[in-house]
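For reference, the structure is listed below as C-alpha coordinates.
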Amino acid sequence: MHNFTHYTPTKVVFGKDTQFQTASEIKEFGGSKVFVVYGGGSVVRSGLLDAITNNLQENGLEYQVKGGVHPNPRLSFAREAVKESIEFGTDFVLAVGGGSVIDTAKAVAHGTANPDVDIWEFWERKKTLTRSLPVGVVLTISAAGSEMSNSAVLTNTEIGRKRGLSTDLNRPKFAIMNPELTYTLPKYQIGCGVVDIMMHTLDRYFTHTKGNRLTDEIAESVLRTVIDSGKVAIKEPADYDAMSEIMWCGSISHNGMTGLGAETDFAPHQLGHELSAMFDVAHGASLSAIWGSWAMYSYKEEPARFARYAEKVWGITADTEEEAAVKAIEATVDYFQSLDMPVNFTTLGIGVQSAEVLEKLADSCSYDRGRTIGSFRVCDRDDILEIYKMANC
Ligand code: NZQ
Ligand code: ZN
(Lines give C-alpha, C1' and ligand atoms only; values in the text may rest on other atoms or scores of the structure.)
(Ligands and ions follow the chains in the order given, each with its own letter.)
Protein backbone atom coordinates (compact mmCIF):
# COMPACT_ATOMS: atom_id res chain seq x y z
CA MET A 1 0.00 0.00 0.00
CA HIS A 2 1.35 3.43 -0.95
CA ASN A 3 1.16 6.48 1.28
CA PHE A 4 -2.01 8.49 0.73
CA THR A 5 -3.92 11.55 1.85
CA HIS A 6 -7.67 11.17 2.04
CA TYR A 7 -9.54 14.46 1.99
CA THR A 8 -13.25 14.23 1.22
CA PRO A 9 -14.81 17.18 3.01
CA THR A 10 -18.18 17.20 1.22
CA LYS A 11 -21.20 16.95 3.53
CA VAL A 12 -23.58 14.41 2.02
CA VAL A 13 -27.29 14.94 2.64
CA PHE A 14 -28.92 11.82 1.21
CA GLY A 15 -32.55 10.79 0.74
CA LYS A 16 -36.13 11.79 0.09
CA ASP A 17 -37.10 15.49 0.19
CA THR A 18 -33.55 16.57 1.01
CA GLN A 19 -33.70 19.30 -1.66
CA PHE A 20 -35.73 21.32 0.83
CA GLN A 21 -32.61 21.59 3.00
CA THR A 22 -30.72 23.50 0.32
CA ALA A 23 -31.08 26.98 1.85
CA SER A 24 -30.16 25.84 5.34
CA GLU A 25 -27.03 24.12 4.02
CA ILE A 26 -26.01 27.24 2.09
CA LYS A 27 -26.45 29.34 5.22
CA GLU A 28 -24.40 26.87 7.23
CA PHE A 29 -21.53 27.42 4.81
CA GLY A 30 -21.87 31.19 4.95
CA GLY A 31 -23.70 31.90 1.68
CA SER A 32 -26.03 34.87 1.25
CA LYS A 33 -25.86 35.76 -2.47
CA VAL A 34 -26.33 32.55 -4.40
CA PHE A 35 -25.51 32.05 -8.07
CA VAL A 36 -27.61 29.08 -9.24
CA VAL A 37 -26.35 27.11 -12.27
CA TYR A 38 -28.44 24.58 -14.20
CA GLY A 39 -28.46 22.75 -17.53
CA GLY A 40 -30.62 22.48 -20.62
CA GLY A 41 -34.00 22.49 -18.92
CA SER A 42 -34.68 19.12 -17.24
CA VAL A 43 -34.83 20.82 -13.84
CA VAL A 44 -37.26 23.41 -15.17
CA ARG A 45 -39.54 20.72 -16.57
CA SER A 46 -39.43 18.64 -13.38
CA GLY A 47 -40.22 21.64 -11.18
CA LEU A 48 -36.99 21.19 -9.20
CA LEU A 49 -35.60 24.61 -10.07
CA ASP A 50 -38.76 26.31 -8.80
CA ALA A 51 -38.65 24.26 -5.62
CA ILE A 52 -35.06 25.32 -5.03
CA THR A 53 -35.53 29.01 -5.77
CA ASN A 54 -38.65 29.08 -3.55
CA ASN A 55 -36.62 27.47 -0.80
CA LEU A 56 -33.89 30.13 -1.18
CA GLN A 57 -36.45 32.95 -1.20
CA GLU A 58 -38.35 31.66 1.83
CA ASN A 59 -35.08 31.58 3.72
CA GLY A 60 -34.08 35.11 2.79
CA LEU A 61 -31.28 34.24 0.39
CA GLU A 62 -30.68 36.47 -2.63
CA TYR A 63 -30.10 34.54 -5.84
CA GLN A 64 -29.53 34.80 -9.56
CA VAL A 65 -30.04 31.88 -11.96
CA LYS A 66 -28.00 30.92 -14.99
CA GLY A 67 -29.33 28.07 -17.15
CA GLY A 68 -28.09 26.53 -20.39
CA VAL A 69 -25.10 24.38 -19.47
CA HIS A 70 -24.45 21.94 -22.32
CA PRO A 71 -23.35 18.33 -21.61
CA ASN A 72 -19.53 18.31 -22.08
CA PRO A 73 -19.67 21.82 -20.63
CA ARG A 74 -18.08 24.61 -22.57
CA LEU A 75 -15.47 27.08 -21.48
CA SER A 76 -17.24 29.88 -23.39
CA PHE A 77 -20.42 29.39 -21.33
CA ALA A 78 -18.47 29.24 -18.09
CA ARG A 79 -16.67 32.49 -18.94
CA GLU A 80 -20.02 34.17 -19.62
CA ALA A 81 -21.38 32.87 -16.30
CA VAL A 82 -18.30 34.10 -14.43
CA LYS A 83 -18.94 37.62 -15.75
CA GLU A 84 -22.56 37.54 -14.59
CA SER A 85 -21.59 36.08 -11.24
CA ILE A 86 -19.02 38.82 -10.60
CA GLU A 87 -21.61 41.50 -11.48
CA PHE A 88 -24.11 39.89 -9.10
CA GLY A 89 -21.59 39.79 -6.24
CA THR A 90 -21.90 36.04 -5.65
CA ASP A 91 -20.62 34.55 -2.43
CA PHE A 92 -21.93 30.99 -2.96
CA VAL A 93 -22.40 28.93 -6.15
CA LEU A 94 -25.16 26.30 -6.30
CA ALA A 95 -25.22 23.60 -8.99
CA VAL A 96 -28.59 22.00 -9.70
CA GLY A 97 -27.89 19.16 -12.12
CA GLY A 98 -25.24 16.64 -13.09
CA GLY A 99 -21.52 16.62 -13.79
CA SER A 100 -21.68 19.24 -16.53
CA VAL A 101 -23.56 21.69 -14.32
CA ILE A 102 -21.40 20.97 -11.27
CA ASP A 103 -18.17 21.40 -13.22
CA THR A 104 -19.45 24.70 -14.63
CA ALA A 105 -20.39 25.81 -11.11
CA LYS A 106 -16.86 24.98 -9.95
CA ALA A 107 -15.47 27.08 -12.82
CA VAL A 108 -17.79 29.95 -11.88
CA ALA A 109 -16.59 29.76 -8.28
CA HIS A 110 -12.94 29.88 -9.38
CA GLY A 111 -13.54 32.70 -11.85
CA THR A 112 -15.55 34.81 -9.42
CA ALA A 113 -12.89 34.50 -6.74
CA ASN A 114 -10.16 35.41 -9.26
CA PRO A 115 -11.73 38.14 -11.39
CA ASP A 116 -8.41 39.15 -13.00
CA VAL A 117 -7.64 35.68 -14.38
CA ASP A 118 -9.09 33.97 -17.45
CA ILE A 119 -10.28 30.64 -15.98
CA TRP A 120 -8.76 28.55 -18.78
CA GLU A 121 -5.32 29.47 -17.42
CA PHE A 122 -6.13 27.29 -14.41
CA TRP A 123 -7.10 24.38 -16.66
CA GLU A 124 -3.94 24.87 -18.73
CA ARG A 125 -1.79 24.95 -15.57
CA LYS A 126 -0.52 28.40 -16.48
CA LYS A 127 -1.83 29.72 -13.17
CA THR A 128 -2.25 27.86 -9.89
CA LEU A 129 -5.62 28.11 -8.22
CA THR A 130 -5.22 29.31 -4.64
CA ARG A 131 -8.73 30.49 -3.75
CA SER A 132 -12.31 29.92 -4.80
CA LEU A 133 -15.89 30.34 -3.59
CA PRO A 134 -17.90 27.63 -1.85
CA VAL A 135 -19.98 25.37 -4.11
CA GLY A 136 -23.03 23.32 -3.16
CA VAL A 137 -24.77 20.67 -5.24
CA VAL A 138 -28.30 19.39 -5.73
CA LEU A 139 -27.61 16.24 -7.76
CA THR A 140 -29.99 15.09 -10.53
CA ILE A 141 -27.98 12.32 -12.23
CA SER A 142 -25.70 9.63 -10.81
CA ALA A 143 -22.67 9.48 -13.05
CA ALA A 144 -19.69 11.82 -12.97
CA GLY A 145 -19.19 11.84 -9.21
CA SER A 146 -18.35 15.54 -9.38
CA GLU A 147 -20.54 16.11 -6.30
CA MET A 148 -17.65 14.84 -4.14
CA SER A 149 -14.68 14.85 -6.50
CA ASN A 150 -11.68 17.13 -6.71
CA SER A 151 -11.97 17.63 -10.44
CA ALA A 152 -13.81 19.71 -13.01
CA VAL A 153 -13.79 19.08 -16.75
CA LEU A 154 -14.35 21.77 -19.38
CA THR A 155 -14.25 21.74 -23.18
CA ASN A 156 -12.53 24.56 -25.01
CA THR A 157 -14.35 24.40 -28.34
CA GLU A 158 -12.01 26.98 -29.90
CA ILE A 159 -9.12 24.52 -29.78
CA GLY A 160 -11.17 21.29 -29.59
CA ARG A 161 -9.73 20.22 -26.25
CA LYS A 162 -11.48 18.71 -23.21
CA ARG A 163 -9.42 19.05 -20.03
CA GLY A 164 -9.78 18.34 -16.35
CA LEU A 165 -8.52 20.40 -13.45
CA SER A 166 -7.82 18.55 -10.20
CA THR A 167 -7.55 20.51 -6.96
CA ASP A 168 -9.04 20.20 -3.49
CA LEU A 169 -10.67 23.58 -4.15
CA ASN A 170 -12.98 21.64 -6.48
CA ARG A 171 -14.55 19.70 -3.59
CA PRO A 172 -18.12 20.89 -3.03
CA LYS A 173 -19.14 21.94 0.50
CA PHE A 174 -22.30 19.84 0.41
CA ALA A 175 -24.12 17.48 -1.91
CA ILE A 176 -27.86 17.01 -1.66
CA MET A 177 -28.64 13.59 -3.08
CA ASN A 178 -32.28 12.60 -3.43
CA PRO A 179 -32.53 9.51 -5.66
CA GLU A 180 -36.12 10.45 -6.54
CA LEU A 181 -34.73 13.42 -8.50
CA THR A 182 -33.18 10.92 -10.94
CA TYR A 183 -36.50 9.21 -11.85
CA THR A 184 -36.93 11.50 -14.88
CA LEU A 185 -33.63 10.40 -16.46
CA PRO A 186 -33.83 8.94 -19.96
CA LYS A 187 -32.62 5.31 -20.08
CA TYR A 188 -29.64 6.38 -22.17
CA GLN A 189 -28.46 8.69 -19.39
CA ILE A 190 -28.96 5.95 -16.77
CA GLY A 191 -26.75 3.70 -18.92
CA CYS A 192 -24.14 6.43 -19.37
CA GLY A 193 -24.11 6.97 -15.60
CA VAL A 194 -23.68 3.29 -14.74
CA VAL A 195 -20.79 3.03 -17.22
CA ASP A 196 -19.10 6.14 -15.84
CA ILE A 197 -19.39 4.87 -12.26
CA MET A 198 -17.88 1.52 -13.31
CA MET A 199 -15.10 3.35 -15.13
CA HIS A 200 -14.20 5.58 -12.18
CA THR A 201 -13.80 2.38 -10.23
CA LEU A 202 -12.02 0.33 -12.91
CA ASP A 203 -9.65 3.13 -13.86
CA ARG A 204 -8.37 2.89 -10.30
CA TYR A 205 -8.75 -0.88 -9.88
CA PHE A 206 -6.44 -1.78 -12.75
CA THR A 207 -3.19 -1.07 -10.97
CA HIS A 208 -0.02 -3.00 -10.26
CA THR A 209 0.08 -1.75 -6.64
CA LYS A 210 -0.22 -4.65 -4.21
CA GLY A 211 -1.34 -4.99 -0.60
CA ASN A 212 -4.54 -2.98 -0.79
CA ARG A 213 -7.18 -5.41 0.41
CA LEU A 214 -9.68 -2.89 1.74
CA THR A 215 -9.42 -0.60 -1.27
CA ASP A 216 -9.78 -3.57 -3.64
CA GLU A 217 -12.79 -4.93 -1.80
CA ILE A 218 -14.50 -1.54 -1.69
CA ALA A 219 -13.98 -1.25 -5.44
CA GLU A 220 -15.32 -4.76 -6.08
CA SER A 221 -18.37 -4.08 -3.95
CA VAL A 222 -19.08 -0.81 -5.78
CA LEU A 223 -18.79 -2.65 -9.10
CA ARG A 224 -21.12 -5.51 -8.12
CA THR A 225 -23.63 -3.10 -6.63
CA VAL A 226 -23.76 -0.71 -9.57
CA ILE A 227 -23.91 -3.58 -12.09
CA ASP A 228 -26.86 -5.24 -10.30
CA SER A 229 -28.68 -1.97 -9.64
CA GLY A 230 -28.10 -0.86 -13.24
CA LYS A 231 -29.96 -3.94 -14.46
CA VAL A 232 -32.97 -2.97 -12.36
CA ALA A 233 -32.84 0.77 -13.07
CA ILE A 234 -32.67 0.44 -16.82
CA LYS A 235 -36.04 -1.38 -16.69
CA GLU A 236 -37.57 0.65 -13.84
CA PRO A 237 -36.07 4.13 -13.41
CA ALA A 238 -38.41 4.83 -10.49
CA ASP A 239 -37.06 1.99 -8.33
CA TYR A 240 -35.96 3.89 -5.22
CA ASP A 241 -33.56 1.26 -3.91
CA ALA A 242 -31.81 0.74 -7.24
CA MET A 243 -31.51 4.49 -7.86
CA SER A 244 -30.23 4.99 -4.30
CA GLU A 245 -27.52 2.37 -4.71
CA ILE A 246 -26.43 3.84 -8.04
CA MET A 247 -26.35 7.34 -6.58
CA TRP A 248 -24.19 6.38 -3.62
CA CYS A 249 -21.93 4.21 -5.81
CA GLY A 250 -21.47 7.26 -8.06
CA SER A 251 -20.08 9.35 -5.23
CA ILE A 252 -17.96 6.60 -3.68
CA SER A 253 -16.54 5.62 -7.07
CA HIS A 254 -14.98 9.04 -7.59
CA ASN A 255 -14.34 10.57 -4.18
CA GLY A 256 -11.06 8.69 -3.85
CA MET A 257 -12.19 5.68 -1.79
CA THR A 258 -11.87 3.14 -4.62
CA GLY A 259 -8.23 3.92 -5.28
CA LEU A 260 -6.62 4.81 -1.96
CA GLY A 261 -3.05 3.65 -1.54
CA ALA A 262 -2.63 2.62 -5.15
CA GLU A 263 -1.38 4.07 -8.41
CA THR A 264 -4.32 4.88 -10.68
CA ASP A 265 -4.58 4.45 -14.45
CA PHE A 266 -7.32 6.56 -16.05
CA ALA A 267 -6.21 5.88 -19.64
CA PRO A 268 -9.78 4.97 -20.74
CA HIS A 269 -10.97 8.35 -19.44
CA GLN A 270 -8.28 10.17 -21.44
CA LEU A 271 -9.16 8.17 -24.57
CA GLY A 272 -12.85 8.93 -24.06
CA HIS A 273 -12.34 12.66 -23.50
CA GLU A 274 -10.86 12.96 -27.01
CA LEU A 275 -13.97 11.35 -28.49
CA SER A 276 -16.22 13.76 -26.59
CA ALA A 277 -14.06 16.73 -27.61
CA MET A 278 -14.16 15.81 -31.30
CA PHE A 279 -17.68 14.37 -31.64
CA ASP A 280 -19.53 15.82 -28.63
CA VAL A 281 -20.66 12.34 -27.53
CA ALA A 282 -21.89 11.71 -23.97
CA HIS A 283 -19.05 11.00 -21.53
CA GLY A 284 -20.32 7.58 -20.38
CA ALA A 285 -20.89 6.49 -24.00
CA SER A 286 -17.35 7.52 -24.96
CA LEU A 287 -16.04 5.25 -22.18
CA SER A 288 -18.06 2.14 -23.02
CA ALA A 289 -17.11 2.59 -26.69
CA ILE A 290 -13.39 2.47 -25.94
CA TRP A 291 -13.03 0.35 -22.78
CA GLY A 292 -13.18 -3.12 -24.39
CA SER A 293 -10.43 -2.12 -26.83
CA TRP A 294 -8.28 -0.63 -24.07
CA ALA A 295 -8.76 -3.76 -21.94
CA MET A 296 -7.90 -6.21 -24.74
CA TYR A 297 -4.82 -4.11 -25.52
CA SER A 298 -3.71 -3.89 -21.90
CA TYR A 299 -4.67 -7.01 -19.93
CA LYS A 300 -1.44 -8.89 -20.72
CA GLU A 301 0.43 -6.41 -18.53
CA GLU A 302 -0.94 -8.42 -15.58
CA PRO A 303 -3.54 -11.07 -16.47
CA ALA A 304 -3.79 -12.01 -12.77
CA ARG A 305 -5.35 -8.65 -11.98
CA PHE A 306 -8.00 -9.15 -14.63
CA ALA A 307 -8.52 -12.72 -13.41
CA ARG A 308 -9.23 -11.35 -9.93
CA TYR A 309 -11.70 -8.88 -11.47
CA ALA A 310 -13.31 -11.84 -13.30
CA GLU A 311 -13.79 -13.84 -10.13
CA LYS A 312 -14.72 -11.14 -7.63
CA VAL A 313 -17.01 -9.08 -9.84
CA TRP A 314 -18.41 -11.52 -12.40
CA GLY A 315 -18.02 -14.87 -10.63
CA ILE A 316 -15.95 -16.11 -13.59
CA THR A 317 -13.15 -18.64 -13.22
CA ALA A 318 -11.16 -20.37 -15.95
CA ASP A 319 -8.22 -22.73 -16.45
CA THR A 320 -5.76 -19.91 -16.99
CA GLU A 321 -5.54 -16.30 -15.85
CA GLU A 322 -5.45 -15.14 -19.47
CA GLU A 323 -8.63 -17.02 -20.25
CA ALA A 324 -10.38 -15.56 -17.19
CA ALA A 325 -9.19 -12.08 -18.17
CA VAL A 326 -10.64 -12.33 -21.66
CA LYS A 327 -13.92 -13.74 -20.32
CA ALA A 328 -14.20 -10.83 -17.86
CA ILE A 329 -13.60 -8.29 -20.61
CA GLU A 330 -16.29 -9.99 -22.71
CA ALA A 331 -18.69 -10.01 -19.74
CA THR A 332 -18.14 -6.28 -19.21
CA VAL A 333 -18.70 -5.49 -22.88
CA ASP A 334 -21.83 -7.69 -22.94
CA TYR A 335 -23.12 -5.83 -19.89
CA PHE A 336 -22.61 -2.47 -21.62
CA GLN A 337 -24.58 -3.81 -24.58
CA SER A 338 -27.37 -5.00 -22.29
CA LEU A 339 -27.71 -1.36 -21.18
CA ASP A 340 -27.79 -0.29 -24.86
CA MET A 341 -24.43 1.39 -24.44
CA PRO A 342 -22.03 1.60 -27.40
CA VAL A 343 -19.00 -0.67 -27.57
CA ASN A 344 -17.25 0.70 -30.69
CA PHE A 345 -17.33 3.73 -33.00
CA THR A 346 -20.30 2.51 -35.05
CA THR A 347 -22.53 1.94 -32.03
CA LEU A 348 -21.28 5.23 -30.57
CA GLY A 349 -22.94 6.82 -33.59
CA ILE A 350 -19.83 8.40 -35.08
CA GLY A 351 -19.23 5.69 -37.70
CA VAL A 352 -15.98 4.19 -38.89
CA GLN A 353 -13.37 6.94 -39.06
CA SER A 354 -10.58 7.59 -41.59
CA ALA A 355 -6.93 6.94 -40.75
CA GLU A 356 -6.43 10.70 -40.70
CA VAL A 357 -9.04 11.20 -37.96
CA LEU A 358 -7.53 8.41 -35.85
CA GLU A 359 -4.11 10.07 -36.14
CA LYS A 360 -5.64 13.36 -35.02
CA LEU A 361 -7.26 11.70 -32.01
CA ALA A 362 -3.95 10.08 -31.05
CA ASP A 363 -2.06 13.37 -31.47
CA SER A 364 -4.52 15.22 -29.31
CA CYS A 365 -4.69 12.51 -26.62
CA SER A 366 -0.89 12.36 -26.39
CA TYR A 367 -0.58 16.16 -26.44
CA ASP A 368 1.33 15.78 -29.72
CA ARG A 369 3.62 13.11 -28.22
CA GLY A 370 4.13 15.31 -25.16
CA ARG A 371 2.70 12.81 -22.66
CA THR A 372 1.85 9.18 -22.09
CA ILE A 373 -1.43 8.06 -20.51
CA GLY A 374 -2.18 5.30 -18.03
CA SER A 375 -0.03 3.40 -15.57
CA PHE A 376 -1.36 -0.18 -15.67
CA ARG A 377 -0.38 -0.09 -19.34
CA VAL A 378 1.59 3.06 -20.07
CA CYS A 379 0.37 4.16 -23.50
CA ASP A 380 2.33 6.46 -25.78
CA ARG A 381 0.95 8.02 -28.93
CA ASP A 382 1.41 4.80 -30.95
CA ASP A 383 -0.38 2.68 -28.34
CA ILE A 384 -3.20 5.22 -28.24
CA LEU A 385 -3.52 5.00 -32.02
CA GLU A 386 -3.69 1.19 -31.85
CA ILE A 387 -6.50 1.32 -29.28
CA TYR A 388 -8.49 3.79 -31.40
CA LYS A 389 -7.97 1.46 -34.40
CA MET A 390 -9.37 -1.46 -32.42
CA ALA A 391 -12.51 0.51 -31.53
CA ASN A 392 -12.90 1.80 -35.10
CA CYS A 393 -15.48 -0.67 -36.33
O1 NZQ B 1 -29.07 19.61 -19.24
P2 NZQ B 1 -30.33 19.00 -18.71
O3 NZQ B 1 -31.55 19.45 -19.41
O4 NZQ B 1 -30.42 19.07 -17.23
O5 NZQ B 1 -30.23 17.42 -19.12
C6 NZQ B 1 -29.15 16.61 -18.69
C7 NZQ B 1 -28.16 16.27 -19.80
O8 NZQ B 1 -28.77 16.28 -21.06
C9 NZQ B 1 -29.72 15.24 -18.36
N10 NZQ B 1 -30.24 15.16 -17.00
C11 NZQ B 1 -29.56 15.34 -15.86
N12 NZQ B 1 -30.36 15.09 -14.80
C13 NZQ B 1 -31.59 14.77 -15.31
C14 NZQ B 1 -31.50 14.81 -16.72
N15 NZQ B 1 -32.56 14.54 -17.51
C16 NZQ B 1 -33.71 14.20 -16.92
N17 NZQ B 1 -33.85 14.10 -15.56
C18 NZQ B 1 -32.81 14.37 -14.74
N19 NZQ B 1 -32.95 14.21 -13.42
O20 NZQ B 1 -28.62 14.34 -18.50
C21 NZQ B 1 -27.77 14.84 -19.52
C22 NZQ B 1 -26.33 14.67 -19.07
O23 NZQ B 1 -26.04 15.56 -18.01
P24 NZQ B 1 -24.53 15.77 -17.55
O25 NZQ B 1 -24.50 16.73 -16.45
O26 NZQ B 1 -23.70 16.05 -18.76
O27 NZQ B 1 -24.16 14.29 -17.04
P28 NZQ B 1 -22.99 13.71 -16.21
O29 NZQ B 1 -23.28 13.80 -14.77
O30 NZQ B 1 -22.69 12.42 -16.81
O31 NZQ B 1 -21.75 14.71 -16.47
C32 NZQ B 1 -20.91 14.54 -17.57
C33 NZQ B 1 -19.80 15.55 -17.54
O34 NZQ B 1 -19.01 15.41 -16.35
C35 NZQ B 1 -17.64 15.21 -16.72
C36 NZQ B 1 -17.76 14.53 -18.06
O37 NZQ B 1 -16.55 14.58 -18.79
C38 NZQ B 1 -18.85 15.35 -18.71
O39 NZQ B 1 -18.35 16.56 -19.19
N40 NZQ B 1 -16.94 14.47 -15.69
C41 NZQ B 1 -16.67 15.13 -14.55
C42 NZQ B 1 -15.96 14.55 -13.52
C43 NZQ B 1 -15.65 15.28 -12.29
N44 NZQ B 1 -15.88 16.58 -12.26
O45 NZQ B 1 -15.17 14.70 -11.32
C46 NZQ B 1 -15.43 13.18 -13.64
C47 NZQ B 1 -16.01 12.39 -14.76
O48 NZQ B 1 -15.10 11.38 -15.14
C49 NZQ B 1 -16.34 13.19 -15.97
O50 NZQ B 1 -15.19 13.43 -16.76
ZN1 ZN C 1 -15.99 9.73 -15.85
Side-chain angles (χ1 to χ4, degrees), residues 8 10 19 37-49 67-75 77-78 95-107 123 135 137-156 161-172 175 177-204 233 237-238 243 246-247 250-251 253-256 258 264 266-277 280-288 290-291:
T8 308
T10 306
Q19 66 271 28
V37 184
Y38 69 94
S42 71
V43 299
V44 177
R45 291 189 295 279
S46 68
L48 177 63
L49 186 68
V69 175
H70 187 279
N72 297 319
R74 292 168 187 175
L75 170 67
F77 182 92
V96 185
S100 299
V101 170
I102 303 167
D103 289 0
T104 303
K106 292 175 178 179
W123 268 256
V135 172
V137 173
V138 179
L139 188 64
T140 66
I141 173 172
S142 313
S146 183
E147 66 278 6
M148 288 184 89
S149 82
N150 71 343
S151 81
V153 188
L154 287 183
T155 299
N156 183 337
R161 190 149 276 179
K162 188 172 183 187
R163 287 200 81 170
L165 170 70
S166 296
T167 157
D168 278 333
L169 290 168
N170 271 331
R171 305 263 188 197
M177 305 197 332
N178 176 356
E180 289 179 325
L181 300 179
T182 64
Y183 287 178
T184 49
L185 280 170
K187 291 194 173 174
Y188 185 69
Q189 291 298 338
I190 295 175
C192 284
V194 168
V195 169
D196 197 16
I197 293 165
M198 290 176 68
M199 287 304 120
H200 294 148
T201 314
L202 291 174
D203 278 359
R204 292 174 168 93
M243 289 314 234
I246 295 174
M247 189 169 252
S251 302
S253 76
H254 203 40
N255 73 1
T258 53
T264 61
F266 276 95
H269 261 77
Q270 304 306 334
L271 294 161
H273 282 339
E274 295 309 323
L275 297 172
S276 287
D280 201 18
V281 291
H283 174 60
S286 77
L287 299 174
S288 61
I290 202 75
W291 187 82

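Whatever order the structure lists ligands and atoms in, that order sets their numbers, starting from 1. As the structure is a prediction and not an experimental result, all values here were calculated from the model.
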Next item on the list: Between L181, T104, L185, D203, flag the one that comes closest to atom 19 (N) of ligand 1 by a heavy atom.
Entry: L181
Notebook entry, point to check: Under 4.0 Å from atom 16 (C) of ligand 1, do we find at least one protein heavy atom?
Noted result: yes
Check: atom 1 (O) of ligand 1: which protein heavy atom is closest, and how many Å away?
Finding: G40 N, 2.7 Å
Notebook entry, point to check: Can you check whether N156 reaches R163 side chain to side chain, under 4.5 Å on heavy atoms?
Noted result: no
Notebook entry, point to check: Would you say the side-chain atoms of S276 pair up with the backbone N or O of V281, donor to acceptor, closer than 3.5 Å?
Noted result: yes
Note to self: To the nearest 0.5 Å, what is the distance between NE2 on H273 and CG on L287?
What the structure shows: 7.5 Å
Check: Measuring from D196:CG to H283:NE2, what's the distance to the nearest 0.5 Å?
Finding: 3.5 Å
Margin query: Students should be able to answer this: which protein heavy-atom is nearest to atom 36 (C) of ligand 1, and at what distance?
Written below: H283 CG, 3.5 Å
Margin query: Please verify the inter-ring angle class for H254 with F266; under 30° counts as parallel, over 60° as perpendicular, anything in between as tilted.
Written below: tilted
Note to self: Any atom of ligand 1 sitting under 4.0 Å from a heavy atom of H70?
What the structure shows: no
Next item on the list: Please say which of L139, V138, I141 ends up in a side chain to side chain contact (heavy atoms under 4.5 Å, CB included) with L181.
Entry: V138
Note to self: Tell me whether ligand 1 is touched by S151 - counting only heavy atoms on the residue side and a distance under 4.0 Å.
What the structure shows: yes
Next item on the list: Measure the spacing between CE of M199 and OG of S286 and express it to the nearest 0.5 Å.
Entry: 10.0 Å
Next item on the list: Look at atom 30 (O) of ligand 1 and say which protein heavy atom is nearest, naming residue and atom and giving the distance to 0.1 Å.
Entry: A143 CB, 3.4 Å
Notebook entry, point to check: With the Zn ion (ligand 2) as the point of reference, which N/O/S atom of D196 is the closest?
Noted result: OD1
Item checked: Nearest neighbour of atom 11 (C) of ligand 1 from the list T182, L154, T140, on a heavy-atom basis -> T140
Could you pull out every donor-acceptor pair under 3.5 Å between side chains of residues 183-193 and any protein atom, sequence neighbours left out?
from, atom 1, to, atom 2, distance (Å)
K187, NZ, I234, O, 3.0

Notebook entry, point to check: Going by the atom numbers of ligand 1, which of them fall below 4.0 Å from some non-hydrogen atom of K162?
Noted result: 36 (C), 37 (O), 38 (C), 39 (O)
Note to self: Show the atoms of ligand 1 that are less than 4.0 angstrom away from any heavy atom in S149.
What the structure shows: 43 (C), 44 (N), 45 (O)
Notebook entry, point to check: When rounded to the nearest 0.5 angstrom, what is the spacing between CD in Q19 and OG1 in T140?
Noted result: 11.5 Å
Notebook entry, point to check: In terms of residue, atom name and distance, what is the protein heavy atom nearest to atom 27 (O) of ligand 1?
Noted result: I141 CD1, 3.9 Å
Next item on the list: Considering non-hydrogen atoms only, spot the tightest contact between S142 and M247 and give its length.
Entry: OG-CA, 3.2 Å
Notebook entry, point to check: Is there a donor-acceptor contact under 3.5 Å linking the side chains of T155 and N72?
Noted result: no
Check: With atoms numbered from 1 as shown, which atoms in ligand 1 lie under 4.0 angstrom from a non-hydrogen atom of H254?
Finding: 45 (O), 46 (C)
Note to self: Using a distance threshold of 2.8 Å, state whether an N, O or S atom of H200 lies below it from the Zn ion (ligand 2).
What the structure shows: yes
Margin query: Quick test: of every protein heavy atom, which one is nearest to atom 47 (C) of ligand 1, and how far off is it to 0.1 Å?
Written below: H200 NE2, 3.3 Å
Check: Quick check: does any side chain N or O of N170 sit under 3.5 Å from a backbone N or O of L165, one acting as donor and the other as acceptor?
Finding: yes
Note to self: Can you report which non-hydrogen protein atom sits closest to atom 28 (P) of ligand 1, along with the distance?
What the structure shows: G99 N, 3.6 Å
Check: How far is atom 24 (P) of ligand 1 from its nearest protein heavy atom, and which residue and atom is that?
Finding: S100 OG, 3.4 Å
Notebook entry, point to check: Any idea which atoms of ligand 1 are less than 4.0 Å away from a heavy-atom of T184?
Noted result: 16 (C), 17 (N), 18 (C), 19 (N)
Margin query: Test your reading of the structure: does K106 have an N or O sitting under 3.5 Å from an N or O of ligand 1?
Written below: no
Checklist line | Numbered atoms of ligand 1 (with element) below 4.0 Å of G98, judged on heavy atoms | finding: 25 (O), 29 (O)
Next item on the list: Working to the nearest 0.5 Å, report the span between NZ of K162 and CG of L275.
Entry: 10.0 Å
Check: For ligand 1, is any non-hydrogen atom under 4.0 Å from D103's backbone (N, CA, C, O), its side chain (CB onward), both, or neither?
Finding: side chain
Notebook entry, point to check: Would you say atom 9 (C) of ligand 1 touches the protein, meaning some protein heavy atom is under 4.0 Å from it?
Noted result: no
Checklist line | Distance filter under 4.0 Å to P73 heavy atoms, resulting ligand 1 atoms | finding: 39 (O)
Check: Is G41 near ligand 1, meaning one of its heavy atoms is under 4.0 Å from it?
Finding: yes
Checklist line | Contacting atoms of ligand 1, where contact means under 4.0 angstrom from a heavy atom of G39 | finding: 1 (O)
Note to self: For D280 versus P71, what's the shortest heavy-atom pair and its separation?
What the structure shows: OD1-O, 3.9 Å
Check: Considering only protein heavy atoms, which is closest to atom 6 (C) of ligand 1, and at what distance to one decimal place?
Finding: S42 OG, 4.6 Å
Item checked: Contacting atoms of ligand 1, where contact means under 4.0 angstrom from a heavy atom of H273 -> 37 (O), 50 (O)
Item checked: Which atom of T10 lies closest to which atom of A175, heavy atoms considered -> CG2-N, 3.7 Å
Next item on the list: Calculate, to the nearest 0.5 Å, the distance between atoms CG and OG belonging to D203 and S253 respectively.
Entry: 10.5 Å
